[in-house]
Amino acid sequence: MLEMFPYPSGRIHMGHVRNYSIGDVVARYLIMRGCTVLHPMGWDAFGLPAENAAQKHGVHPRQWTLDNIADMRGQLQRLGLAYDWDREVATCLPDYYKWGQWLFLKMYEKGLVYRKKAAVNWCPKCESVLANEQVIGGMCWRHEDTPVESRQLEQWFIRITDYAQELLDDLDKLTEWPERVVTMQRNWIGRSVGTRVTFTAIGAADGWQHPFDVFTTRPDTLFGATYVVFAPEHPLVEKLVSPQHRKAALDYIAAARKATAQDRMAENREKTGVFLGAYAINPVNDERIPIYISDYVLVEYGTGVVMAVPTHDQRDFEFARKYDLPLRIVIRAEGVPESEADMTAAYEGPGMMVESGPFTGLSSEEGKMKITEWLEGRGKGKAEIQYRLKDWLISRQRYWGMPIPIIHCGKCGLVPVPEKDLPVDLPEKVDLAAIGNSPLSRVPEWLNVACPSCGGSARRDPDTIDTFFDSSWYFLRFIDARNDRAPWDKALAEQWMPVDLYIGGIEHAILHLLYSRFFTKVMRDLGLLARVSEPFKKLVTQGMVTKDGAKMSKSLGNTVDPGAIIQEYGADTARLFILFASPPQKDLEWSESGVAGCSRFLDRVYRLMVKYAPRLAAVPDSDPEHPAGDDLALTQRLHQTLKAVTDDIEQRFQFNTAISRIMELVNELYRVAWDEQKVSDAVLATALRRLAQMLSPFAPHLAEECWEMLAGPGRVCRSNWPRYDPRFVVEDTVEIVVQVNGKKRAELRLPLNATQDDARTAALADGRVQRHLEGRPVRKVVYVPGRLISFVV
RNA sequence: GCGGGUGUGGCGGAAUUGGUAGACGCGCGGGUCUUAGGAGCCCGUUCCGUAAGGAGUAUCGGUUCAAGUCCGAUCACCCGCACCA
């Protein structure tokens, strides 16, 4: 089991405390249950903050990072988290990134890594390109107030789109993932089934003809196409535009280029566009329709051209209305106006095809198939599936990242670094302050190397790799962290994978979690994993830690330092509060007095131990055969607590209620053993030892201390999780509620096995019940044994 | 706009299969111990009402002997996506 490893910023925050406390409870519980638990921790240690710190404080990024790791490791250890530190990994260390480079080269051999020149996202603050997944609403994921810009650059990509269908299909297997994460991934992949249709463009000036394709999910509306729209950046636009429209078109294209992605996505933005003075021929009816450009068409999706059917597509409708373009209804259904002139909005639903030549009369579903077949038969189109997902751009123009193990040779082209030369290390000295791309490109002694293939002069790739590449396989490295002959042993991976439980923040719903799924499938296809296709069986996304209703953040100044809380109350209190205040998936509001309450509770436990342990340490555990009186009451409470806490941890994954049950047990112990001891030594000693055991996953330090005081054998965290005895879980008398006409009128104490007649007799003997039944015949009686008896009068 | 989630005391939250709404904790009130208590221990604490009783889980309606829980509509807040052809 695993929690998402942190970026070593230097200080842990409450989100970490929460994430890791949740995981630690489960790990410690499973260990006590006798499971073999692999519970490691490591560091997502490459990344931009180290470079910023280097410039600000004049310390090398490596030193800054390693110092932070040492600090944070200490903070995690102070929390008492049960990690196997022998498996610790840091992505910035050569024995980790050596294997990252090795994996990169395996993917390169397989053709999964390639270079291409494309319009890419550029963050001016990161001074680097970003993957699509790292652009959130037009902004950089790390700088949420910085719009990304578009640049034409040649960059490294990974073919994640090759796996789009499998990534989509396998979402159905993730039955133990939160539904919203699955939905977010499904939407991100964005599969659309449709048809590619070939139109012919006629150049305005000379009748020059050129075929071009559109992608549509509505081939059934093809007869309603009254114009065509190209994305402004589309390469064909230049060739199509007529001389008299040229200036207007070029001005529009320039404006579109300048606008940020954010501008173009602005809500309710009025459609704009320019006529090119050129026409296209619709293949189904040979109709000549005008060609426009507009920025509502995205060059990067589909073919970058759409056929416009204003009657059955709202966007086209808005555009057509603005530029007074013709409308033609080709789908009839309830709610579609008689004439085009009466339309106030496009009708996008299904219906019966009309005005569609030989296809008139078909349903839209049938029509989609028939028209696609018709086009296929004439070489004018074919069925096609489009994905919104794009290939993963992995180059970064930064220093503090994994070097790309490729050498650029003028003669041989791209040459992989031979395996024996791995890892490719970063140069020690680099000028991070200078302005411009890729700090590594300014280190000639590192950059210039002999080509491994021809021996001639060549250059290393000056970029580093997206840190999400590093974090996409760290869970696999944990399996075999010290292996120096392979990234991991395949048999060991087979034994441990998939991760049974993965806990982390929702912010990686698409980023890290999608990339890791993709990597796992690639590793399988590279033969490095067998049978495993999904990395994480169960996923838990924990809620935020808030204060005053807002997420804790430096800019809001509402952070609480875990170190200070540990200093004042101790690690056990910090852990206990954060688990007690809210169930894992929900947000958690920080409360200083709530922390104090948890501290009081632990004090209460300790006082009880101090009072009894010296004497009871000599009293062995014994489960009484037939306890009576308070001995029975305490024994029952103990076993009820054991059952509830076990269920809460194992089945319900709800620790706040588990802790509240333990608190109830402690309250009962105070009742029977504080002012005066009302129970036998054996029963009390047993209860106190079980209490220490149940407390162990939550408050391991105090639990260990109590266990030692009570002379429990070995260490409490290695003891066997106690089992409950079903005999003591149910009590032999129960409270029965008496209802008259659905209203509660009395409570009775009855034997568990009381019959309906017993309950009825007892209820009728009660004064309050009598008063409400008076003079009214009972029409019906409902009896739920152990719960209630209900009279209908 | 589309998709998802949430809504329960003064506060965090509980109620697992339709069966005692408010467990547990905080806060508040009271008692006890004490020279003192801001420590500890004990009791009380959904609201209205002296009480009997009544009302009550965002709002309105429905199903049921019985609804926080199921069904329908509405409102509020939060999250994700958002010209994807």
Side-chain angles (χ1 to χ4, degrees), chain A residues 136-137 178-184 186-188 190-192 194 214-218 221 229 231 264-269 271 294-298 300-309 312-316 318-319 386-390 506 509-510 544 549 576-577 580-583 585-598 600-601 603-604 607 644 647-648 651-652 654 656-664 666-667 670-671 674-675 734-744 746-747 768 771 778-793:
Chain A
I136 315 282
E179 202 181 295
R180 64 182 187 132
V181 175
V182 171
T183 304
M184 282 164 77
R186 183 168 286 124
N187 292 340
W188 185 259
R191 181 180 193 261
S192 293
V214 305
F215 175 75
T216 178
T217 55
R218 293 299 300 273
T221 63
V229 190
R264 275 178 73 162
M265 289 191 311
E267 205 174 343
N268 297 333
R269 192 157 165 269
K271 304 252 176 316
S294 172
D295 64 6
Y296 82 86
V297 178
L298 308 173
E300 64 270 17
Y301 184 79
T303 62
V305 191
V306 302
M307 66 171 204
V309 184
H312 304 296
D313 183 290
Q314 185 59 27
R315 297 157 299 184
D316 299 341
E318 287 165 20
F319 190 86
Q386 282 284 340
Y387 297 93
R388 197 175 156 269
L389 179 72
K390 284 189 256 169
I506 187 79
I510 293 175
M544 297 188 293
L576 196 72
F577 170 73
F580 179 63
S582 192
Q585 286 90 346
K586 284 179 83 171
D587 288 351
L588 180 154
E589 171 72 13
W590 185 262
S591 151
E592 193 71 31
S593 53
V595 177
C598 286
R600 263 201 296 272
F601 166 69
D603 285 346
R604 228 162 119 78
R607 265 194 299 277
D647 288 351
D648 278 348
Q651 269 141 53
R652 301 212 305 154
Q654 191 164 292
N656 53 333
T657 46
I659 293 164
S660 74
R661 298 309 286 263
I662 299 173
M663 287 173 169
E664 287 179 282
V666 172
N667 290 343
Y670 267 74
R671 187 183 75 77
W674 187 252
D675 287 337
V734 279
E735 292 260 301
I736 298 282
V737 166
V738 185
Q739 289 183 350
V740 178
N741 280 1
K743 286 194 192 298
K744 180 171 124 185
E747 289 170 13
R768 283 168 300 175
R771 207 163 345 116
V778 174
R779 288 218 318 264
K780 187 174 176 185
V781 180
V782 179
Y783 178 56
V784 183
R787 293 279 187 190
L788 58 65
I789 180 160
S790 177
F791 295 94
V792 187
V793 299

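Throughout, a chain's letter reflects where its sequence line sits, starting with A, and its residues are numbered from 1. The figures here come from the full heavy-atom set of this structure, side chains too, leaving out hydrogens, waters and symmetry mates.
- An anti orientation is assigned to B:G61, its glycosidic angle lying beyond 90° of 0.
- Of the side-chain N and O atoms in A:Asn187, none sit less than 4.0 angstrom from OP1 or OP2 of B:G4.
- For the pair A:Lys743 and B:G53, the criterion of a side-chain N or O lying under 4.0 Å from OP1 or OP2 is not met.
- Rounded to whole Å, the P atom of B:U46 lies 13 Å from the corresponding atom of B:A51.
- Taking atom P in both B:U69 and B:G62, the straight-line distance is 14 Å, to the nearest Å.
- Within 4.0 Å (heavy atoms only), A:Ser593 reaches sugar-phosphate atoms of the nucleic acid but no base atom.
- A sub-4.0 Å separation between OP1 or OP2 of B:U20 and a side-chain N or O of A:Lys744 is absent.
- An OP1 or OP2 oxygen of B:A15 is reached within less than 4.0 angstrom by a side-chain nitrogen or oxygen of A:Gln654.
- The aromatic rings of A:Tyr296 and A:Phe319 are tilted relative to each other, their planes meeting at an angle between 30° and 60°.
- If you check every strand for non-hydrogen atoms under 4.0 Å, A:Arg604 touches sugar and phosphate atoms only.
- One P atom belongs to B:U16, the other to B:A21, and the distance between them is 14 Å to the nearest Å.
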Would you sketch RNA chain B in dot-bracket for me? Only Watson-Crick or G-U wobble pairs with both distances under 3.5 Å count, crossing pairs as [ ], other-strand pairs as |, the rest as dots. (((((((..(((......[....)))((((((.......))))))(((....)))..(((((..]....))))))))))))....
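- With distances taken from any side-chain atom of A:Thr657 to the nucleotides B:A14, B:A55, B:C83, the minimum falls on B:A14.
- Residue A:Asn656 places none of its side-chain N or O atoms closer than 4.0 Å to OP1 or OP2 of B:C24.
- Residue A:Arg771 has a polar side-chain atom (N or O) positioned under 4.0 Å from OP1 or OP2 of B:G53.
- Within the 4.0 angstrom heavy-atom criterion, base atoms lie near A:Glu735.
- Of the candidate nucleotides B:U20, B:G40, B:G80, B:G40 has the atom nearest to the side chain of A:Arg600.
- For B:A85, the OP1/OP2 oxygens have a side-chain nitrogen or oxygen of A:Ser192 closer than 4.0 Å.
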